[in-house]
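Data block below; observations after.
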Amino acid sequence: MLRMYYFSGTGNARNVARWMTEAWRARGREAEEIDIAATDVDAITVRPGEDIGLASPTHGFNFPPITLAFLFAFPRTSWRNRVCILNTRGGVRLFGVYVPGLSGVAQLLAALVFLLKGYRVVGMRPVDLPSSWISLHPGLRDDTIRAIYERCEAATRRCANRLLDGGRDLRALFDLPQDLLIAPISIGYYLVGRFLFAKSFIASAACDACGACVTQCPVHAVRLLAGRPFWSHRCESCMRCMNHCPKRAIETAHGFVVGFLVAFNVAVAALVYPLVLPLVPVLSGAGLGGTATRFAFESALMLAVLFLSYRLLHLGLRFRPIERLAVLTSLTHFAFWRRYRAPHRGQLTR
Ligand SMILES: Cc1cc2nc3c(=O)[nH]c(=O)nc-3n(C[C@H](O)[C@H](O)[C@H](O)COP(=O)(O)O)c2cc1C
Ligand code: SF4
Ligand code: SF4
């Protein structure tokens with residue numbers, strides 16, 4: 001029996017979970033896909049002989065908070081159950097060459113947690129499906145998506161069959177050097193970066209307040225405030241809302257984010273430090289300790305000002321000139337900036 005747990009924003013990890021369960025069933029074994037976002041982890045019991053799978057996107061060189069919370073709360077085992085970890089990453093194809101994504105600490109952290117809980121980690125495989133990070137780049141073209149999917153489906157099924165034959169697939173360990181090198185960035189993303197992205201979403205005047213983004217969000221991060229979607233700090237930037245909005249009304253407010261960062265940094269250098277340093281000498285400390293203290297201070301201040309500025313932006317969006325300014329300085333607004341949704345079974349190549 002395979003219990004295949006997954007979290008998915010735009011559908012890639014959901015498809016990986018499906019390929020795994022299909023491979024299990026093709027060998028006459030039972031298998032079940034379970035959506036983490038709809039599961040009470042405290043109600044899970046692990047039985048002897050049961051195999052466990054985990055599929056989730058990589059966010060900021062780590063698993064997203066919802067997957068990490070699930071992982072940390074997952075029950076221990078006394079039966080050394082086998083575990084397979086599949087992190088979907090952002091793959092692209094440039095001039096016919098497939099460029100893989102980067103796992104960072106996603107695989108290593110998950111493997112460590114499972115090992116400490118008594119599991120046997122027999123599968124660690126990154127799956128380089130089309131990148132969903134539409135805040136940073138336009139969605140890939142259909143032919144590229146199809147080509148990437150064909151490769152990844154074959155690789156995932158090979159991995160499943162190797163495990164079904166009693167073997168291992170630890171492909172993720174090949175990436176160990178670069179994963180360790182970028183590990184510190186995952187901490188910065190987890191503590192600061194993800195909140196900046198969460199506060200970059202806006203709904204344009206095309207929004208008709210249908211509420212689809214509210215009901216579809218896996219972490220309940222959107223609410224309608226004065227008839228307009230408002231993204232809370234709980235948003236994990238999974239990109240589901242932006243890619244599913246029936247009015248294509250959700251944009252990443254690039255102009256707002258860049259303007260905010262420039263204004264904040266100028267204000268910190270020109271105003272905050274000259275005023276605060278004489279009062280808080282610890283902030284002028286030298287060496288690593290001083291740098292870490294200033295980083296913590298600036299990050300906390302930045303997040304506080306960001307949350308306030310985002311609330312003001314949300315209020316301002318009611319006024320046409322502010323809405324136009326925010327939308328026209330957003331790259332996602334342009335027609336060539338495609339959205340991305342993972343293909344469903346019927347749309348897949350086989
Ligand atoms: C906020 C965010 C952060 C991401 N960070 C990474 C990353 O660190 N490394 C990577 O390879 N891909 C990254 N990606 C790409 C996704 O992991 C990738 O497209 C994944 O297959 C999406 O899976 P899903 O469709 O199940 O959500 C990121 C995507 C988003 C939206
Ligand atoms: S899904 Fe789109 S149109 Fe519907 S409420 Fe959300 S932003 Fe508005
Ligand atoms: S608000 Fe949108 S991007 Fe954020 S977690 Fe919810 S669905 Fe994902």
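For ligands, and for the atoms within them, numbers begin at 1 and follow the listed sequence.
Atom 6 (Fe) of ligand 3 has its nearest heavy-atom neighbour, among Ala221, Cys217, Cys238, in Cys217. Summarising the contacts of atom 7 (S) of ligand 3 with Ser237, Pro65, Cys213, Cys241, the nearest heavy atom is found in Cys241. For the residues Phe7, Trp133, Phe63, the heavy atom positioned nearest atom 29 (C) of ligand 1 is part of Trp133.
Contact between Ser186 and ligand 1 is absent, with no heavy atom of the residue lying under 4.0 Å from the ligand. Within the 4.0 Å heavy-atom shell around ligand 1 one finds Ser131. Distances shorter than 4.0 angstrom occur between a heavy atom of Gly11 and an atom of ligand 1. Judged by the shortest distance from any of its heavy atoms, Gly9 lies outside the 4.0 Å radius around the atoms of ligand 3. Judged by the shortest distance from any of its heavy atoms, Phe197 lies outside the 4.0 Å radius around the atoms of ligand 1. Note on ligand 1: Tyr189 sits in its first shell, one or more heavy atoms being nearer than 4.0 Å.
Applying the 4.0 Å criterion to heavy atoms of Asn12 picks out, from ligand 1, the atoms 19 (O), 20 (C), 21 (O), 22 (C), 23 (O), 24 (P), 25 (O), 26 (O). Taking every non-hydrogen atom of Gly101 and a distance limit under 4.0 Å, the qualifying atoms of ligand 1 come out as 11 (O). Set against the non-hydrogen atoms of Pro218, the atoms of ligand 3 under 4.0 Å away are 7 (S). Atoms of ligand 1 lying under 4.0 Å from any heavy atom of Pro130, numbered from 1 in the order shown and given with element: 19 (O). Close contacts between ligand 2 and Asp208 involve ligand atoms 3 (S) [criterion: under 4.0 Å to a heavy atom]. Under a 4.0 Å criterion applied to the non-hydrogen atoms of Ser237, ligand 1 contributes the atoms 1 (C), 31 (C). The Ile250 neighbourhood of ligand 2 comprises atoms 7 (S), with distances under 4.0 Å to a heavy atom of that residue. Ligand-side atoms of ligand 1 in range of Thr10: 24 (P), 25 (O), 27 (O), range being under 4.0 angstrom from any heavy atom. The atoms of ligand 3 that sit less than 4.0 Å from any heavy atom of Val219 are 5 (S). Within ligand 2, counting atoms from 1 as listed, the ones closer than 4.0 Å to a heavy atom of Pro246 are 1 (S).
The closest donor-acceptor contact from the side chain of Asn81 to the backbone of Glu50 lies under 3.5 Å. No donor-acceptor distance shorter than 3.5 angstrom exists from the side chain of Ser186 to the backbone of Val105, with no hydrogens or angles considered. Looking only at distances, no side-chain donor or acceptor of Arg125 sits under 3.5 Å from a matching main-chain atom of Ile85. For Asp165 (side chain) and Gly167 (main-chain N/O), no donor-acceptor pair under 3.5 Å exists by modelled atom type.
Under 3.5 Å, the side chains of Tyr119 and Asp51 contain no donor-acceptor pair of N or O atoms. A side-chain donor from one of Tyr273 and Glu298 sits under 3.5 Å from a side-chain acceptor of the other. Counting only N and O atoms by type, the side chains of Arg240 and Thr10 include no donor and acceptor under 3.5 Å apart. In the model, Asn87 has a side-chain atom that pairs as donor or acceptor with a side-chain atom of Gln107 under 3.5 Å. Side chains of Tyr149 and Asn15: a donor-acceptor N/O pair is present below 3.5 angstrom, by distance only. No donor-acceptor contact under 3.5 angstrom links the side chains of Ser204 and His333, judged on distance only.
Residue Arg168 places its CZ atom among 12 or fewer non-hydrogen atoms of other residues, nucleotides or ligands, all under 6.0 Å distant. Annotation for Gln178: atom CD counts as buried by contact number, over 12 foreign heavy atoms lying within 6.0 Å. For Arg141, the CZ atom sits in a loose shell: 12 or fewer heavy atoms of surrounding residues, nucleotides or ligands are nearer than 6.0 Å. Around CZ of Phe336, the count of heavy atoms belonging to other residues, nucleotides or ligands within 6.0 Å exceeds 12. The number of heavy-atom neighbours closer than 6.0 Å to CG of Leu116, taken from other residues, nucleotides and ligands shown, is above 12.
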Kindly determine whether Tyr340 and Trp133 satisfy ring-ring contact (aromatic ring centres under 6.0 Å, His included), including the steps that lead there. CA-CA 9 Å; Tyr340 173 70; Trp133 209 346; over 10 Å; no
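We find that Arg338 and Asp142 are not joined by a salt bridge, their nearest charged nitrogen and carboxylate oxygen being 4.0 Å or further apart. A salt bridge does not link Glu150 to Arg157: none of the charged side-chain nitrogens sits closer than 4.0 Å to a carboxylate oxygen. The pair Glu22-Arg25 does not meet the salt-bridge criterion, since no charged nitrogen lies less than 4.0 angstrom from a carboxylate oxygen.
Taking 2.8 Å as the threshold, Cys245 does not count as a candidate ligand of atom 6 (Fe) of ligand 2, since none of its N, O or S atoms lies below it.
For atom 4 (Fe) of ligand 3, the closest non-hydrogen atom of the protein is Cys235 SG, 2.3 Å. Counting protein heavy atoms only, atom 5 (S) of ligand 3 is closest to Glu236 N, 3.3 Å. The closest protein non-hydrogen atom to atom 11 (O) of ligand 1 is Leu102 N, 2.9 Å. At the shortest separation from atom 26 (O) of ligand 1 among protein heavy atoms lies Ser8 OG, 2.6 Å. In this structure, the protein non-hydrogen atom closest to atom 8 (O) of ligand 1 is Phe61 N, 2.7 Å. The protein non-hydrogen atom at the shortest distance from atom 20 (C) of ligand 1 is Thr88 OG1, 3.3 Å. When only non-hydrogen protein atoms are considered, atom 19 (O) of ligand 1 lies nearest to Ser132 N, 2.8 Å. Nearest to atom 12 (N) of ligand 1 among the protein's heavy atoms is Gly90 N, 3.0 Å. Ranking protein heavy atoms by distance to atom 8 (Fe) of ligand 2, first place goes to Cys207 SG, 2.3 Å. The single protein non-hydrogen atom nearest to atom 6 (C) of ligand 1 is Thr58 O, 3.2 Å, given as residue, atom name and distance. Remark: minimum distance from atom 5 (N) of ligand 1 to any protein heavy atom is reached at Gly60 N, 3.0 Å.
At least one N or O atom of Ala13 sits closer than 3.5 Å to an N or O atom of ligand 1. Not a single N or O atom of Tyr340, backbone or side chain, sits closer than 3.5 Å to an N or O atom of ligand 1. Polar contact check, Arg89 against ligand 1: a nitrogen or oxygen pair lies under 3.5 Å apart.
Using a 4.0 Å cut-off between heavy atoms, Val222 makes no contact with ligand 2 at all. With a heavy-atom cut-off of 4.0 Å, Ser135 does not touch ligand 1 at all. The backbone of Met239, and not its side chain, has at least one atom closer than 4.0 Å to an atom of ligand 3 (non-hydrogen atoms only; backbone = N, CA, C, O). Residue-level proximity to ligand 2 for Ala209 is carried by the backbone, the only part with a heavy atom below 4.0 angstrom. By the criterion of a heavy-atom distance under 4.0 Å, the side chain of Met239, and not its backbone, is placed next to ligand 1. Of the heavy atoms in Pro229, only side-chain atoms (C-beta onward) come closer than 4.0 Å to ligand 2.
For Phe7 and Phe70, the distance between ring centers is not under 6.0 angstrom.
For Arg93 against Ala147, the heavy-atom pair with the smallest separation is NH1-CB, 3.7 Å.
No side-chain heavy atom of Leu325 sits less than 4.5 Å from a side-chain heavy atom of Phe256.
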